Undergrad: 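There's a structure below that I have some questions on.
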Number of protein chains: 2
Amino acid sequence: MRLTSFTDFGLRMLMRMAGDPSRAFTSAELAGNLGLSRNHLAKIIQHLARAGLIETRRGGGGGAMLARPAAEIRLGQIIRLLEEGRPLVECFGSGGGTCSIDARCRLKTRLRSAEAAFLDDLDRSTLADIALTPLEKTPGTLVVPQ
Amino acid sequence: MRLTSFTDFGLRMLMRMAGDPSRAFTSAELAGNLGLSRNHLAKIIQHLARAGLIETRRGGGGGAMLARPAAEIRLGQIIRLLEEGRPLVECFGSGGGTCSIDARCRLKTRLRSAEAAFLDDLDRSTLADIALTPLEKTPGTLVVPQ
DNA sequence: CTTGAATGGGTATTTATAATACCTATTAAC
DNA sequence: GTTAATAGGTATTATAAATACCCATTCAAG
């Protein structure tokens with residue numbers, strides 16, 4: 001049971017963006033933060049942008065930012081998007097009609113239920129719950145600039 | 001979010017064995033049923049045997065059979081065994097101490113909770129619930145031999 | 001006690017897919 | 001126009017899963 005690093009990086013990127021939701025992040029900055037190549041991260045950004053989760057702007061001063069408040073983005077939704085096209089077992093995929101057991105298989109139902117339990121559990125938290133701030137800026141606390 | 005075919009085959013093999021719990025299955029027979037090589041299936045059998053879920057006997061008339069009644073084997077337990085060593089995300093693995101966020105990461109807790117929800121849901125069913133019988137042998141029903 | 005059926009277990013190879021890198025087009029700001 | 005930035009396709013590399021093969025070990029039956 002494994003999530004791809006594509007998903008892992010996507011989540012961490014969103015955590016960072018949620019920590020500073022008012023500004024745009026360039027893909028180069030985020031890639032630097034996460035320690036991977038800009039090109040690779042761009043793929044993740046594009047995927048999330050097409051799904052409407054983030055908005056991107058080209059040109060000078062451009063970058064990516066959350067399309068909605070972090071508190072309105074549920075973790076299960078993020079993972080559903082990022083793990084799209086990677087079915088739990090082969091027979092759940094698009095070409096999965098080749099199983100010899102098929103109709104007599106009582107396992108499928110159980111696996112679908114468990115998968116739903118996984119995602120439902122994640123849906124109990126939002127991106128705001130896991131936002132990552134670069135500096136502690138708790139109200140009432142004095143922050144010494146670096 | 002994906003299970004390996006190793007796990008998938010392991011589950012289907014156990015389903016078949018649970019359908020006829022009194023007899024031993026040779027790895028060749030099971031491999032034929034499932035449509036994969038005997039050698040590959042043998043790896044799965046060995047893994048489950050080491051974990052004590054099934055028992056194997058060498059020599060003529062040998063083979064593998066369930067070590068316990070199917071009704072006492074929970075699906076979550078099977079998947080935990082078969083997916084051993086394949087962490088949900090990289091940082092859950094043995095060498096996963098390299099994350100730069102680490103202490104500030106509030107995602108880990110959520111993922112662990114969701115993973116537990118997945119396995120707990122599976123633990124609500126046992127192998128007996130998904131046993132696969134080659135012929136319908138419902139009590140009271142006349143079965144015509146092939 | 002010999003033979004054949006069966007697993008045990010290591011190693012090597014193939015294949016699939018994830019991850020990365022690179023290049024060019026497009027867009028917007030100044 | 002020039003520069004900064006994303007968009008998106010394609011090619012390459014790396015990793016891991018899946019498969020195949022080999023030989024040792026064990027056990028049962030005749």
Side-chain angles (χ1 to χ4, degrees), chain A residues 1-13 17 23-32 34-67 82-90 93-96, chain B residues 1-13 17 23-32 34-65 67 82-90 93-95:
Chain A
M1 186 175 165
R2 179 149 229 186
L3 304 178
T4 63
S5 78
F6 189 88
T7 299
D8 199 2
F9 281 132
L11 280 166
R12 296 220 290 260
M13 180 188 78
M17 289 172 72
R23 77 175 180 89
F25 291 82
T26 71
S27 58
E29 180 189 352
L30 290 168
L34 297 173
L36 82 166
S37 82
R38 195 189 70 81
N39 297 289
H40 193 203
L41 187 72
K43 295 280 155 59
I44 305 175
I45 293 177
Q46 287 164 27
H47 191 80
L48 292 174
R50 263 193 294 267
L53 217 62
I54 62 181
E55 273 166 4
T56 59
R57 257 182 69 204
R58 294 184 178 184
M65 56 196 310
L66 297 181
L82 290 168
E83 289 285 312
E84 209 165 53
R86 285 175 195 97
L88 188 62
V89 286
E90 194 226 350
S94 50
Chain B
M1 184 176 168
R2 178 150 231 185
L3 303 178
T4 62
S5 80
F6 189 88
T7 298
D8 199 1
F9 281 131
L11 279 166
R12 296 220 289 258
M13 181 189 77
M17 290 173 72
R23 77 176 181 88
F25 291 83
T26 70
S27 59
E29 179 190 352
L30 291 168
L34 297 173
L36 81 167
S37 83
R38 193 190 72 80
N39 299 287
H40 193 202
L41 187 71
K43 296 279 156 59
I44 304 176
I45 293 177
Q46 287 164 27
H47 191 79
L48 292 173
R50 264 193 293 267
L53 217 61
I54 62 182
E55 272 165 5
T56 59
R57 256 182 69 204
R58 293 184 178 182
M65 56 196 310
L82 291 168
E83 289 285 312
E84 210 165 52
R86 285 173 194 100
L88 187 62
V89 285
E90 194 227 349
S94 51

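Only heavy atoms go into these numbers, but all of them, side chains included; no hydrogens, no water, no symmetry mates. By convention in this document, chain letters (A, B, ...) are assigned in the order of the sequence lines, proteins followed by strands, and residues within each chain are numbered from 1. As the structure is a prediction and not an experimental result, all values here were calculated from the model.
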Undergrad: Would you list the atom pairs, donor with acceptor, under 3.5 Å between side chains in residues 52-59 of chain A and any protein atom, with sequence neighbours excluded?
TA:
none

Undergrad: Let me know the distance between CD1 of B:Ile54 and C1' of C:dT7, rounded to the nearest Å.
TA: 11 Å

Undergrad: What is the distance, to the nearest angstrom, from the CG atom on B:Leu41 to the P atom on C:dG8?
TA: 11 Å

Undergrad: If I take atom CZ from residue B:Phe6 and atom CG from residue B:Leu11, how far apart are they, to the nearest 0.5 angstrom?
TA: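 Result: 11.0 Å between the selected atoms.
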
Undergrad: Restricting to non-hydrogen atoms, name the atom on A:Gly85 and the atom on A:Pro87 that form the minimum distance, rounded to 0.1 Å.
TA: O-CD, 3.4 Å

Undergrad: Walk along DNA chain D from 5' to 3' and tell me the first and last nucleotide with an atom closer than 4.0 Å to a non-hydrogen atom of chain A.
TA: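 The footprint of chain A covers D:dA4 to D:dT10.
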
Undergrad: Side-chain polar contacts of residues 34-48 of chain B - donor-acceptor pairs under 3.5 angstrom, sequence neighbours left out - could you list them?
TA:
from: B:Ser37; atom 1: OG; to: B:His40; atom 2: N; distance (Å): 3.2
from: B:Arg38; atom 1: NH1; to: B:Ser27; atom 2: OG; distance (Å): 3.2
from: B:His47; atom 1: NE2; to: B:Leu81; atom 2: O; distance (Å): 3.0

Undergrad: Strictly below 4.0 Å, heavy-atom distances to any atom of DNA chain D: list the hits from residues 2-11 of chain B, or just say none.
TA: B:Thr4, B:Ser5, B:Phe6

Undergrad: Rounding to a whole Å, what distance do you find between A:His47:NE2 and C:dA19:P?
TA: 14 Å

Undergrad: Rounded off to whole Å, could you give me the CZ-to-P distance for the B:Arg86 and C:dT17 pair?
TA: 16 Å

Undergrad: Could I get the full list of side chain to side chain contact (heavy atoms under 4.5 Å, CB included) partners for B:Thr26, not counting sequence neighbours?
TA: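 Side chain to side chain contact (heavy atoms under 4.5 Å, CB included) check on B:Thr26 returns B:Ala28, B:Glu29.
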
Undergrad: Which distance, rounded to the nearest 0.5 Å, do you find between the CG of A:Leu3 and the CG of A:Leu82?
TA: 9.5 Å

Undergrad: For the atom pair CE (B:Met65) and CZ (B:Arg23), what is the distance rounded to the nearest 0.5 Å?
TA: 10.0 Å

Undergrad: Show every salt bridge (charged side-chain N to carboxylate O under 4.0 Å, His left out) that has at least one partner inside residues 1-11 of chain A, sequence neighbours left out.
TA: A:Asp8-A:Arg12

Undergrad: Using a 4.0 Å heavy-atom cut-off to protein, can you give one letter per nucleotide of nucleotides 21-30 of chain C, 5' to 3': B if the base is in contact, S if only the sugar-phosphate is, - if neither?
TA: BBB--BBBS-

